[in-house]
Amino acid sequence: MTKIVVAVKYVPDATADRKFESDDTVDRENVDGLLSELDEYAVEQALQIVEEGEGEVTVLTVGPDDAADAVRKALQMGADAGVHVNDEAIAGSDAIATSLVLAKAIEKLEYDLVMFGMASTDGSMGIVPTLVAERLGLPAVTYGSEISVDGSTVTIRRDGDAASETVTAEGKVVVSVTDQTGEPRYPSFKGIMAAKKKPVDEWSLADLGVDAAQVGLDASGTQVESTAPRPPRTAGEIVTDEGDGGTKLAEFLASKKFI
């Protein structure tokens, strides 16, 4: 039986009006959020792996109360159980501090394989899988556009700009997959109803044995110094074509140094 832990993130909806807190961290409380779209690919690949054999998929997230929605979506897709690490002290944690919380949570779970999406859709850093692998003392096999599992052997195909390479690892391993692995499934009505009965554990930092001083904004090695709202759109300029429209267009593009 292959036991897979999929780490997912609850992110602000890219179409929503996103804002920052007074400390220049992202406001995750007063904005619509959802399961990071790139993490859906990791959930999908985990489900396909267990469907080809025998196994279980546990979804893990770190975040505020609303982050439970990310777990719920993954359960509706077909995951078997969820874990939500929820502690106010985590707010403001950067990738390094977040990787500590994730690693400690994963250590409490039974697993053969840990999976991530290629990056979160809000931070877009893509380094958390490798950081978690380092903390767990496991190999990191990242940016897989195709993944297969044969017993204790994990193989990915990694596609670059000029070539593709095949990477193989034995035993426990941390994997990240790209959005080229295949479209994630939509939750069915049956899946939505079944998700209501699936177990979801909520853990605090104390449950993980993590000191609050190790996480949060003050413990993070990287911080945002300042933020500013996007300026409002300005009114466009209407040019009446009186036979010289092409000339006016060329003059406009030249003034903006586009040509």
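Keep in mind that the numbers below use all heavy atoms, side chains included, and drop hydrogens, waters and symmetry copies. Note that the structure is a prediction, hence the values are computed from the model and not measured.
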Within this structure, what is the [atom1]-[atom2] distance for the pair [X] and [Y], rounded to the nearest 0.5 Å?
X      : Y      : atom1 : atom2 : result
Lys108 : Leu60  : NZ    : CG    : 12.0 Å
Lys3   : Glu110 : NZ    : CD    : 3.5 Å
Leu131 : Leu102 : CG    : CG    : 10.0 Å
Glu37  : Ser120 : CD    : OG    : 12.0 Å
Lys190 : Ile192 : NZ    : CD1   : 13.5 Å
Glu88  : Asp65  : CD    : CG    : 8.5 Å

Step-by-step side chain to side chain contact (heavy atoms under 4.5 Å, CB included) determination, Arg135 to Leu100:
CA-CA 7 Å; Arg135 291 187 183 278; Leu100 171 64; 3.7 Å; yes
List the atom of [X], the atom of [Y], and the distance in Å for their closest heavy-atom pair.
X      : Y      : answer
Asp87  : Ser204 : OD2-CB, 3.6 Å
Ala97  : Asp94  : N-OD1, 3.0 Å
Val11  : Ser36  : CG2-CA, 3.8 Å
Val141 : Ala169 : CG2-CB, 3.8 Å
Pro129 : Gly117 : CG-O, 4.2 Å
Phe116 : Ala7   : CE2-CB, 3.3 Å

Are any non-hydrogen side-chain atoms of [X] and [Y] less than 4.5 angstrom apart?
X      : Y      : result
Met77  : Tyr186 : no
Met115 : Val173 : no
Thr168 : Thr153 : yes
Thr155 : Val167 : no
Phe252 : Lys248 : no
Gln180 : Tyr41  : no
Ile90  : Val85  : yes
Tyr111 : Ile106 : yes

Transitively linked via ILVMFWY side-chain contacts under 4.5 Å: Val174 with Val8?
no
Membership question, hydrophobic clusters at under 4.5 Å side-chain separation (ILVMFWY): are Ile96 and Ile127 in the same one?
yes
Ignoring hydrogens and angles, tell me if any N or O in the side chain of [X] forms a donor-acceptor pair with the backbone of [Y] under 3.5 Å.
X      : Y      : result
Ser220 : Thr222 : no
Asp39  : Lys9   : yes
Asp201 : Val83  : no
His84  : Pro64  : yes
Thr58  : Ala81  : no
Asp112 : Lys172 : no
Glu52  : Ile49  : no

Side chain to side chain contact (heavy atoms under 4.5 Å, CB included) between Val154 and Leu113, intermediate numbers included
CA-CA 9 Å; Val154 177; Leu113 179 64; 4.0 Å; yes
Looking at Val62, Val101, Thr98, which one forms a side-chain contact (heavy atoms from CB on, under 4.5 Å) with Ser93?
Thr98
Can you sort out the partners of Val50 under side chain to side chain contact (heavy atoms under 4.5 Å, CB included), two or more places apart, ordered by chain and number?
Ile4, Val57
Go through the side-chain N and O atoms of Gln48 and Glu44 and say whether any donor and acceptor fall under 3.5 Å apart.
yes
Name all pairs fulfilling the salt bridge (Lys or Arg N to Asp or Glu O under 4.0 Å) condition that reach into residues 145-160, sequence neighbours left out, sorted by first residue then second.
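Qualifying pairs: Glu146-Arg157, Arg157-Asp159, Arg158-Glu165.
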Please give the remaining members of the hydrophobic cluster of Leu75, linking ILVMFWY side chains under 4.5 Å, ordered by chain and number.
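Leu75 clusters with Val71, Val200.
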Report the C-alpha separation of Met118 and Asp179 in whole Å, then their side-chain angles, then the decisive distance to 0.1 Å, and conclude whether the side chain to side chain contact (heavy atoms under 4.5 Å, CB included) test is met.
CA-CA 8 Å; Met118 62 186 288; Asp179 55 357; 4.1 Å; yes
Does the pair Glu40/Arg185 count as a salt bridge with the N-to-O cut at 4.0 Å?
no
For the pair Ser152 and Glu170, evaluate side chain to side chain donor-acceptor pair (under 3.5 Å) and give the outcome as yes or no after the intermediate values.
CA-CA 6 Å; Ser152 61; Glu170 293 281 346; 3.3 Å; yes
